[in-house]
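Notes follow the structure.
Remember, predicted model here, so these are calculated numbers, not experimental data. All ligand and atom numbering here is 1-based and tracks the order in the structure. Hydrogens, waters and symmetry mates are skipped; everything else that's a heavy atom, side chains included, is used.
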Amino acid sequence: MEKVDIQSMTLPKLEDFCKQKGLPKFRAGQIFQWLHQKQVKSFDEMTNLPAELRKNLSENCQISDIKIRRKLVSQMDGTIKYLYEFADGQTVESVLMQYQHGYSLCISTQVGCRMGCRFCASTLLGLERSLTPAEMLDEIYMAGKDSGQKISSVVLMGIGEPLDNFDHVMDFLDILSSPQGLNLSLRHVSLSTCGLVDGIYRLMEKKLQLTLSISLHAPNDEIRSRTMPVNNKYPMDELLSACREYFRQTGRRISFEYALIEGVNDTPSCAQQLCRKLEGMGAHVNLIPVNPVKERGYQRSSRERVRQFQKILEQNHVNATVRRELGSDINAACGQLRRDDKGGKSC
Ligand code: SAH
């Protein structure tokens with residue numbers, strides 16, 4: 001019989017589980033704290049539980065397992081890129097970055113991705129499976145343990161599409177922000193999506209404090225459909241009206257990611273079209289010179305082009321920043337380390 005994935009349970013789910021087993025409610029709180037505050041990896045370490053209960057839990061439940069398969073440290077800025085391996089041998093990446101306000105960890109939400117964005121390395125091998133809440137938490141727990149640093153913010157911008165793993169991501173966020181767990185406020189969490197509109201509406205209902213980031217990367221349907229297949233299912237106007245509704249309902253400003261690709265989406269006319277599309281949304285645009293991925297053949301826009309694009313946005317009162325590049329000496333384009341490890345060609 002398959003063992004119960006106890007580390008993926010939110011506190012209310014764990015309380016139900018304990019109730020079904022005839023255990024008092026406080027046991028759930030104790031187990032939850034062992035798993036998510038002390039982050040132990042065996043039931044034997046849960047010393048305030050009766051021996052009989054520990055034995056019973058080890059027979060019926062499992063605690064998820066994560067290993068560091070590779071670790072790259074940037075000589076330029078100390079950014080650390082982890083290639084993690086789970087119990088079934090599947091691998092994902094996380095990146096630990098230092099900012100002025102503390103350490104931020106970029107985590108993966110799926111093994112691979114099925115969204116097919118043309119400029120992205122993570123989707124080249126397709127989707128293997130989604131991560132469990134426990135596995136996403138382990139990316140954070142392991143990075144904290146290995147680096148000895150307190151992780152003060154988390155971004156869901158690694159491999160995978162978080163809204164394509166909706167229920168697990170919601171439980172993950174619940175556990176992450178629980179006062180009996182890491183107690184990380186969702187104000188310090190960003191979730192990035194390529195634009196799954198139904199997922200955006202579902203997320204809106206949850207009224208979470210997190211920052212929603214939309215990977216827009218184009219100013220019109222023609223360019224967006226060419227570079228992001230998801231646009232064929234959810235065209236830009238549908239996506240942007242979902243964003244407007246999200247802003248209205250939650251009061252949270254949306255951040256838009258825009259990777260500048262030479263000759264594809266970086267002209268002054270693209271910048272002007274983008275301003276018109278984002279009018280009145282209080283939007284923030286994050287400009288990213290695209291990370292070239294060999295198989296994709298895209299080049300990054302020149303610095304001058306990036307600056308010109310930013311200037312047009314600002315002249316039109318659209319707030320825009322250029323993302324600071326970190327770890328550029330350690331192959332930081334998302335999904336490349338995993339793919340190289342699986343035998344793909346390195347860039
Ligand atoms: N699936 C989610 C989150 C993972 S991708 C999403 O699409 O938002 C994280 C971010 O990296 C997205 O904005 C994505 O579009 C961007 N990205 C992917 N490949 C890139 C590349 N080669 N250069 C720059 N940004 C890239």
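Heavy-atom minimum distance, Leu240 versus Met281: O-CE, 4.4 Å.
Side-chain rings of Tyr246 and Tyr201 stay apart, their centers remaining 6.0 Å or farther from each other. Here His217 and Phe256 keep their ring centres 6.0 angstrom or further from each other.
For ligand 1, the atoms lying closer than 4.0 Å to a non-hydrogen atom of Cys120 are 18 (C), 19 (N). Of all atoms in ligand 1, listed by their number and element, those nearer than 4.0 Å to a heavy atom of Asn291 are 21 (C), 22 (N), 23 (N), 24 (C). Against a heavy-atom cut-off of under 4.0 Å, His217 is close to the following atoms of ligand 1: 13 (O), 14 (C), 15 (O). Close contacts between ligand 1 and Glu257 involve ligand atoms 13 (O) [criterion: under 4.0 Å to a heavy atom]. Close contacts between ligand 1 and Thr193 involve ligand atoms 6 (C), 7 (O), 8 (O) [criterion: under 4.0 Å to a heavy atom]. Taking a cut-off of under 4.0 Å to the non-hydrogen atoms of Cys194, the atoms of ligand 1 that pass are 6 (C), 7 (O), 8 (O).
A donor-acceptor distance shorter than 3.5 angstrom exists from the side chain of Thr250 to the backbone of Arg252, with no hydrogens or angles considered. A donor-acceptor pair under 3.5 Å is formed between the side chain of Asn265 and the backbone N or O of Ala259.
Looking at Val293 next to ligand 1, no N or O pair under 3.5 Å apart turns up. Checking only distances, Glu161 does come within under 3.5 Å of ligand 1, N or O to N or O. Looking at Gly160 next to ligand 1, an N or O pair under 3.5 Å apart turns up.
By the 4.0 Å heavy-atom criterion, Pro289 is excluded from the residues contacting ligand 1. For the ligand labelled ligand 1, residue Met115 lies outside the 4.0 Å heavy-atom shell.
The shortest side-chain heavy-atom distance between Leu14 and Ile6 falls under the 4.5 Å cut-off.
Within the cation-pi definition used here (under 6.0 Å to the ring centroid, within 45° of the axis), Arg202 qualifies as a partner of Phe166.
Remark: the Asp138 side chain and the Ser64 side chain contain an N/O donor-acceptor pair separated by less than 3.5 Å.
Under 4.0 angstrom from ligand 1, there are no non-hydrogen atoms of Arg296.
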